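A short worksheet on the structure shown next.
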Number of protein chains: 2
Amino acid sequence: MARTQGSHSEITGPRIRAAALKLFAKHGYAAVSMRQIASDVGVQAGALYNYTPDKQALLFTLLKTHMHELLAAYDDLPAQGSATAQLRSFVNFHISFHLERPDAVFISYMELRNLSPENFPVIESLRRTYETRLQDILSAGKQDGSFAVEDTKITTWAVIAMLNGVITWYNTEGRLSVEEVQSTYWEMVRKTVAA
Amino acid sequence: MARTQGSHSEITGPRIRAAALKLFAKHGYAAVSMRQIASDVGVQAGALYNYTPDKQALLFTLLKTHMHELLAAYDDLPAQGSATAQLRSFVNFHISFHLERPDAVFISYMELRNLSPENFPVIESLRRTYETRLQDILSAGKQDGSFAVEDTKITTWAVIAMLNGVITWYNTEGRLSVEEVQSTYWEMVRKTVAA
DNA sequence: GTCTATACCAAGATAGAC
DNA sequence: GTCTATCTTGGTATAGAC
């Protein structure tokens, strides 16, 4: 006779994080209770504490994991030659990576203020590291004359803000493929920095 | 002998909304308690309910007021001639209006999901109305050949996302004046839609 | 109109049985 | 490892005195 309530240690952890990610993205960290997360996973609230010391650690883990995956994936891309090729690669990467993880992207921008004072700087630093990848491309292109960029810092923020806008409207069931979105945004970014 | 605890009906209401706006922007709607708002104003929590039926109405009022002010202010601008002049006017307006109300702008984008099902469509509709102002400019410029815009809807969202990015980094104490920011963004937007 | 006091409920987190 | 049960805190909202 099999036990009706058993242990599932290898899968429960990931399922908790997946449920938390989904619920935090939908309702916001502060509005989601541990009981809701537990219910979504199919366990009791107390069981969550076998996997996370508290709710804050759950949020921190999600954001840290996302940022590390983002940086690792970008740094794994094949090297590009010209600044223009690098910029195009960045745009394509940013869009496809983000469209594959809308929930993680969402909380990475929305829930920063719900990180504890110890955790916030860690995530903020990872975010700045990623931004620096783009800023370096813009600086190089400005130097060699491929781009006309008045202020590389502001342009970096402007391009990232523009690209991030995609996740607020893109619908996987909609009329546009990821490739079409990439192409549309590349055209806009290209012109924005054009010499 | 003056009373030590009196009535201040004409000023308490606005002060409650100002405190709520500030606290919602800083910590998020769900993370702010009525007690916190009351404490910030200098009254007891129960007193708030003389001014708002509940917390949700407080959020709704803040967002609705902000959106109405935004639309009224934009529609009060002097009419412009060419599509290019209209676009420049829009960019300047959007940046200066938003930089004057960073808290209201912040919650208008972050707290939409905390609106009740009855209230959400009202705000969403106002937001779309504002976006339509920009989309109409882009359509007109596309028609008369001033702009080369692949997709007016996506470009509308891209431009607004780019402009909204300003409030995440702009610092009134920083090196840049509002006029310099307007000029920098105008240059980027102009190129983005350039024929 | 604001106060104090409180009803009522849900939150995060923990203890101990199984 | 998960359960049930519970502790403690703090939330929204209301009642009635002043």
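As a basis for the values below, the full set of heavy atoms in this structure was taken, side chains included, without hydrogen atoms, waters or symmetry mates. This is a predicted model, so every value here is computed, not measured.
We find that CD1 of A:Ile11 is positioned 13 Å from P of D:dG1, with the value rounded to whole Å. Note: CD (B:Gln36) to C1' (D:dG11) measures 11 Å, nearest angstrom. One can place CD1 of B:Ile37 at 10 Å from P of D:dA13, the figure rounded to the nearest angstrom. Atom pair B:Gln56:CD and D:dG11:C1' shows a separation of 16 Å (rounding to whole Å applied). Computed from coordinates, the A:Ile16 CD1 to D:dT2 C1' distance equals 11 Å when rounded to whole Å. Rounded to a whole Å, the OH atom of B:Tyr49 is 11 Å from the P atom of D:dG11. Rounding to whole angstrom units, CZ of residue B:Arg15 and P of C:dG1 are separated by 15 Å. Regarding A:Leu23, its CG atom lies at a distance of 12 Å from the P atom of C:dA11, rounded to whole Å.
For C:dA10, neither phosphate oxygen OP1 nor OP2 lies less than 4.0 angstrom from any side-chain nitrogen or oxygen of A:Arg35. One finds a side-chain N or O of B:Thr12 lying less than 4.0 angstrom from the OP1 or OP2 phosphate oxygen of C:dT2. For A:Ser33 and C:dA10, the shortest distance from a side-chain N or O to OP1 or OP2 is not below 4.0 Å. Regarding contacts with the backbone of C:dC3, every side-chain N or O of B:Gln44 stays at 4.0 angstrom or more from both OP1 and OP2. For B:Tyr51, a side-chain nitrogen or oxygen approaches OP1 or OP2 of C:dT2 to under 4.0 Å.
When distances are taken from the side chain of A:Met34 to each of D:dA13, C:dA13, D:dC3, the shortest belongs to C:dA13.
Between A:Asn50 and B:Ala45, the one whose closest nucleotide on DNA chain D sits nearer the 5' end is A:Asn50.
Taking a cutoff of 4.0 Å between a charged side-chain nitrogen and a carboxylate oxygen, A:Arg128 and A:Glu131 do not qualify as a salt bridge.
Across all strands shown, B:Val32 has heavy atoms under 4.0 Å from sugar-phosphate atoms exclusively, and none from any base.
Aromatic rings of A:Phe90 and A:Tyr74 (six-membered ring for Trp) have centroids within the 6.0 Å cut-off, being under it.
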Candidate pair A:Arg133 and A:Leu71, rule side chain to side chain contact (heavy atoms under 4.5 Å, CB included), full reasoning: CA-CA 9 Å; A:Arg133 300 285 190 276; A:Leu71 283 166; 4.0 Å; yes
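No option in B:Asn164, B:Thr192, B:Val159 other than B:Thr192 meets the side chain to side chain contact (heavy atoms under 4.5 Å, CB included) test with A:Met162.
Below 30°, between 30° and 60°, or above 60°: for B:His98 and B:His66 the angle between ring planes is above 60°, a perpendicular geometry.
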